[in-house]
Protein chains: 2
Amino acid sequence: MTQNKVSTEEIIKNAAMEVFVEDGFDGARMQKIADKAQVNKAMLHYYFSSKEVLFEKILIEACGEMLPELTAIIKGEQAFIDKLKAFVRIHIRQQLKNPKLVSFIFRELNKNPERMASQLNNLEVMKTAYTDFMNSYKLEVEAGKMHAYSPAHLFIMIQGLVDYYPLSKPFYCAFMKYMDEAVEELTFEEKLIDQTCLLLENALKK
Amino acid sequence: MTQNKVSTEEIIKNAAMEVFVEDGFDGARMQKIADKAQVNKAMLHYYFSSKEVLFEKILIEACGEMLPELTAIIKGEQAFIDKLKAFVRIHIRQQLKNPKLVSFIFRELNKNPERMASQLNNLEVMKTAYTDFMNSYKLEVEAGKMHAYSPAHLFIMIQGLVDYYPLSKPFYCAFMKYMDEAVEELTFEEKLIDQTCLLLENALKK
DNA sequence: ATTTGTGTTAACCAACTGGTTAGTTATAAT
DNA sequence: ATTATAACTAACCAGTTGGTTAACACAAAT
């Protein structure tokens, strides 16, 4: 019973995650969520008062799912460049596991930047990650081992390199087909990771 | 009359562009488009049979607006690296002029990759751009002047560098505020362009 | 003057949407 | 056994949505 109680709410959440990620807030239908969760539609309003509230809960969870194993890397004892490579590798692989989640986040981010901003408090991890990462970079620069970039801009460029492909994967799948380039997805993506690491290494190392 | 005839259809299109870009397909309301165009809602169905049809027209136009001055660059007589820099500069500036358009394209791309793929025929420009660009790059590599990357992957990485920030600008605006970093938008963005050029130069030049 | 065709409108409609409600079952507490 | 509370359901509701329709205006062609 206590099991069941927790369970139903969790089932709804999982169903809602799927539907919201697939269809976005506007496209998502409460009935579809209820069907997927195999509960009566009224249950959605029983556990979560409104669509908006349910969505907010899902959005928070979705954000959380974006930055998991990453913390481990930052706290590691590796050299900066190895940390960076590990970050690239893990981040891209992770995003590619669920590309729809990535596009969901960006979709809702652009629709309602303020809401996402208010969620930023939860991303304390990200703040420390950013700071730690950039401090190690500055040390490398001061030691004359790396080219100097503006840390903030470098951060954005790295994010671009690791977030962009998962976000536009469907486009490139179609584009490749159109270009008559037969590509085996997995090898292509692993190679993208390698190439990204290589590019960053060349761009940074003096 | 002929003037007026053309005009009304164009007015509707412009209004539809605004609303679809702002709200996405699911969020957009025909009434809102009609209001913005200051015409009766029935007129939308008079000129464009359905929401779907109107949307498709808008999507094509939106895609067209994405790749304008770029063709000029490719046909230019500059050296590869200068072409690349010019591309970065113009592309980022262009996207930043209307960031909502960028996020609109990505939103709808991820919602309906097949539709976007079918629109790829219109992007003949892109195909030639891609081929030309990559051929010049290969020449540089063969001449031993540049590091060798897989052309396809390099293409994607470059796109990531130029598309990512406009796409996630609202996030970084909020993030910067949260990090207590006061940034003057325009200078920040011009510097991002410079930094991107620098990064690519370092990553490519031997 | 009358016809014809295009542009335009107000009013309407069926389908759908998020949300409610009144009532039912099941479980635990007294 | 009775009560109280939480979990659940079927039916319903008011508001919205994309889309239609029948009538109207107004110009050009006859």
Side-chain angles (χ1 to χ4, degrees), chain A residues 1-62 104 107-108 111-112 114-116, chain B residues 1-62 104 107-108 111-112 114-116:
Chain A
M1 175 212 32
T2 307
Q3 279 186 344
N4 226 325
K5 183 181 168 186
V6 176
S7 178
T8 304
E9 191 172 335
E10 208 60 33
I11 288 171
I12 293 177
K13 258 194 193 173
N14 292 339
M17 175 76 84
E18 280 186 55
V19 175
F20 278 132
V21 165
E22 179 72 33
D23 302 334
F25 179 81
D26 292 321
R29 297 289 160 244
M30 295 297 267
Q31 189 59 58
K32 190 173 173 184
I33 296 173
D35 290 348
K36 185 154 279 184
Q38 290 182 289
V39 299
N40 190 289
K41 184 161 65 88
M43 294 309 294
L44 308 188
H45 293 93
Y46 179 74
Y47 286 105
F48 313 88
S49 51
S50 70
K51 186 184 184 184
E52 205 87 32
V53 168
L54 177 56
F55 177 76
E56 204 113 344
K57 291 248 160 65
I58 295 303
L59 186 64
I60 292 170
E61 283 207 7
F104 167 71
R107 191 195 308 150
E108 301 303 332
K111 203 187 108 192
N112 197 338
E114 294 79 16
R115 167 160 51 191
M116 198 61 90
Chain B
M1 180 212 33
T2 306
Q3 278 189 342
N4 227 325
K5 182 181 168 185
V6 176
S7 178
T8 304
E9 190 172 336
E10 208 59 33
I11 288 170
I12 293 177
K13 258 195 194 173
N14 292 339
M17 175 74 84
E18 279 186 57
V19 174
F20 278 133
V21 165
E22 179 73 31
D23 302 334
F25 180 81
D26 292 321
R29 297 289 160 242
M30 296 295 270
Q31 189 59 58
K32 189 173 174 185
I33 296 174
D35 290 348
K36 185 154 280 183
Q38 289 182 290
V39 298
N40 189 289
K41 185 162 65 89
M43 294 310 292
L44 308 189
H45 294 93
Y46 179 74
Y47 287 105
F48 313 89
S49 51
S50 70
K51 186 185 184 184
E52 205 87 32
V53 168
L54 177 55
F55 177 76
E56 205 113 344
K57 290 250 159 68
I58 296 303
L59 187 64
I60 293 170
E61 283 207 7
F104 167 72
R107 191 195 308 152
E108 301 303 332
K111 203 187 109 191
N112 197 338
E114 295 79 17
R115 166 160 52 191
M116 198 64 88

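Just so it is clear, the structure is predicted and the values come from calculations on it, not from any experiment. Naming convention: chains lettered A, B, ... in sequence-line order (proteins, then strands); numbering from 1 in each chain.
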(message) Restricting to non-hydrogen atoms, name the atom on A/I12 and the atom on A/A37 that form the minimum distance, rounded to 0.1 Å.
(response) CA-CB, 4.1 Å
(request) Look at B/T8 and C/dT8 and indicate whether a side-chain polar atom (N or O) is within less than 4.0 Å of OP1 or OP2. (result) yes
(request) Measure from CG on B/L54 to P on D/dT17 and round the result to the nearest Å. (result) 16 Å
(request) Quickly work out the B/F48 CZ to C/dG7 P distance and round it to whole Å. (result) 12 Å
(request) Locate the shortest heavy-atom distance separating A/I33 from A/A15; write the atom from each residue and the value. (result) O-CB, 3.7 Å
(message) Can you measure A/E52 atom CD to C/dG19 atom C1' for me and round it to whole angstrom units?
(response) 14 Å
(message) Once ring-ring contact (aromatic ring centres under 6.0 Å, His included) is applied, do any residues pair with B/F25, and if so which ones, sequence neighbours excluded?
(response) B/F55
(message) Using whole Å, what does the distance between atom P of nucleotide D/dT20 and atom NZ of B/K51 come to?
(response) 14 Å
(message) Once side-chain hydrogen bond (donor to acceptor under 3.5 Å, both in side chains) is applied, do any residues pair with A/K13, and if so which ones, sequence neighbours excluded?
(response) A/E61
(request) For DNA chain D, determine which residues of residues 27-46 of chain B have any heavy atom closer than 4.0 angstrom to one of its atoms, and list them numerically. (result) B/A28, B/R29, B/M30, B/K41, B/A42, B/H45
(request) Identify, residue by residue, the members of residues 14-22 of chain A with a heavy atom below 4.0 Å from DNA chain C, and return them in order of residue number, or none. (result) none
(message) Which heavy atom of B/A34 sits nearest to which heavy atom of B/N40, and what is that distance?
(response) CB-C, 4.3 Å
(request) State which residues pass side-chain hydrogen bond (donor to acceptor under 3.5 Å, both in side chains) with B/K111; sequence neighbours excluded, sorted by chain then number. (result) none
(request) Give every residue pair that meets the salt bridge (Lys or Arg N to Asp or Glu O under 4.0 Å) criterion with at least one member in residues 34-43 of chain B, sequence neighbours excluded. (result) B/E18-B/K36
(message) Just so I know, are the side chains of A/K51 and A/R29 near enough to count as touching, which here means a heavy-atom distance under 4.5 Å?
(response) yes
